[in-house]
Amino acid sequence: MSDLRRVVVSDHHGGGVVEGEYLARWERMALEVMDVVEKRGLVRCSLPRGVEVSLLGDEAMARVHLDFMNVPGPTDVITFPYGEIGEILVGVETARRQGPDFGRSALEEISLYIIHGILHL
């Protein structure tokens, strides 16, 4: 993994699904995914050097979804590339609802949303 890259995952949803150990796991996973994506040439441009992942509840996700995409209601993942920094917003309550539909836990679904967000960046 690149020593120059940094990923920070923060829990802002306040709903109790995420245990502290998962934040560090997701940070490591995101770094590994970013390295694989770049080494295999799966992107046409460089991924950001820093990524901030924020876990949000439905209300916050719906607000951002409406404000920036003019779409009402919450969603699973929203990304914002800012050059060398990328921001990934993850809908925790959406993961809770959708995960079981695909045979996954909310935590597994959040992992997929983070990977999805990296690919968007």
Side-chain angles (χ1 to χ4, degrees):
M1 280 182 284
S2 172
D3 291 334
L4 301 174
R5 216 172 237 140
R6 183 162 187 242
V7 175
V8 176
V9 179
S10 302
D11 184 2
H12 299 287
H13 87 289
V17 145
V18 179
E19 298 172 18
E21 69 186 70
Y22 279 95
L23 301 178
R25 273 192 211 170
W26 284 325
E27 289 171 356
R28 287 189 305 273
M29 177 202 68
L31 287 168
E32 290 170 8
V33 167
M34 292 170 74
D35 280 349
V36 167
V37 164
E38 282 192 331
K39 285 178 184 170
R40 295 198 179 180
L42 301 175
V43 291
R44 286 182 238 141
C45 58
S46 294
L47 289 169
R49 289 274 144 249
V51 175
E52 295 178 14
V53 179
S54 294
L55 307 177
L56 303 176
D58 274 350
E59 186 177 325
M61 284 298 282
R63 191 170 40 255
V64 173
H65 203 202
L66 184 62
D67 289 351
F68 289 92
M69 299 175 170
N70 204 28
V71 178
T75 190
D76 53 1
V77 66
I78 299 173
T79 60
F80 297 98
Y82 302 116
E84 288 295 308
I85 300 293
E87 183 178 14
I88 301 172
L89 307 179
V90 171
V92 172
E93 292 172 71
T94 299
R96 272 192 203 141
R97 286 189 301 274
Q98 291 183 353
D101 292 343
F102 299 104
R104 292 186 286 266
S105 70
L107 297 172
E108 291 168 324
E109 194 74 0
I110 291 167
S111 296
L112 292 176
Y113 293 173
I114 293 170
I115 293 168
H116 183 152
I118 290 167
L119 294 175
H120 274 286
L121 292 175

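What you are looking at is a predicted structure, and each value in this text was computed from that prediction instead of being measured.
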Mind checking the [atom1]-[atom2] spacing from [X] to [Y]? Nearest 0.5 Å is all I need.
X: Tyr82; Y: Glu87; atom1: OH; atom2: CD; answer: 4.5 Å
X: Leu31; Y: Arg28; atom1: CG; atom2: CZ; answer: 9.5 Å
X: Thr75; Y: Leu66; atom1: OG1; atom2: CG; answer: 12.5 Å

Minimum heavy-atom separation for [X] to [Y], with atom names?
X: Tyr113; Y: Gly91; result: CE1-O, 3.8 Å
X: Asp58; Y: Arg97; result: OD2-NH1, 2.7 Å
X: Glu38; Y: Leu47; result: OE2-N, 2.7 Å
X: Arg5; Y: Asp35; result: NH1-OD1, 3.3 Å
X: Pro48; Y: Gly83; result: CB-O, 3.8 Å
X: Ile114; Y: Ala30; result: CG2-CB, 4.2 Å

Below 4.5 Å, heavy atoms only, C-beta onward: do [X] and [Y] meet side chain to side chain?
X: Val7; Y: Met34; value: yes
X: Arg25; Y: Leu107; value: no
X: Met29; Y: Ser111; value: yes
X: Trp26; Y: Ile110; value: yes
X: Phe80; Y: Leu89; value: yes
X: Arg104; Y: Leu112; value: yes

Greater than 12 external heavy atoms within 6.0 Å of Glu27's CD: yes
Steps toward side-chain contact (heavy atoms from CB on, under 4.5 Å) verdict (Ile88, Val77): CA-CA 7 Å; Ile88 301 172; Val77 66; 3.6 Å; yes
With hydrophobic residues grouped by side-chain heavy-atom distances under 4.5 Å, do [X] and [Y] end up in a single group?
X: Val71; Y: Phe68; answer: yes
X: Met61; Y: Val9; answer: no
X: Val64; Y: Met69; answer: yes
X: Tyr22; Y: Val8; answer: no

Residue that, paired with Asp11, satisfies side-chain contact (heavy atoms from CB on, under 4.5 Å) out of Val90, Leu55, Leu56, Val53: Leu55
Ionic contact status for Glu59 with Arg63, cut-off 4.0 Å: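 Salt bridge: yes.
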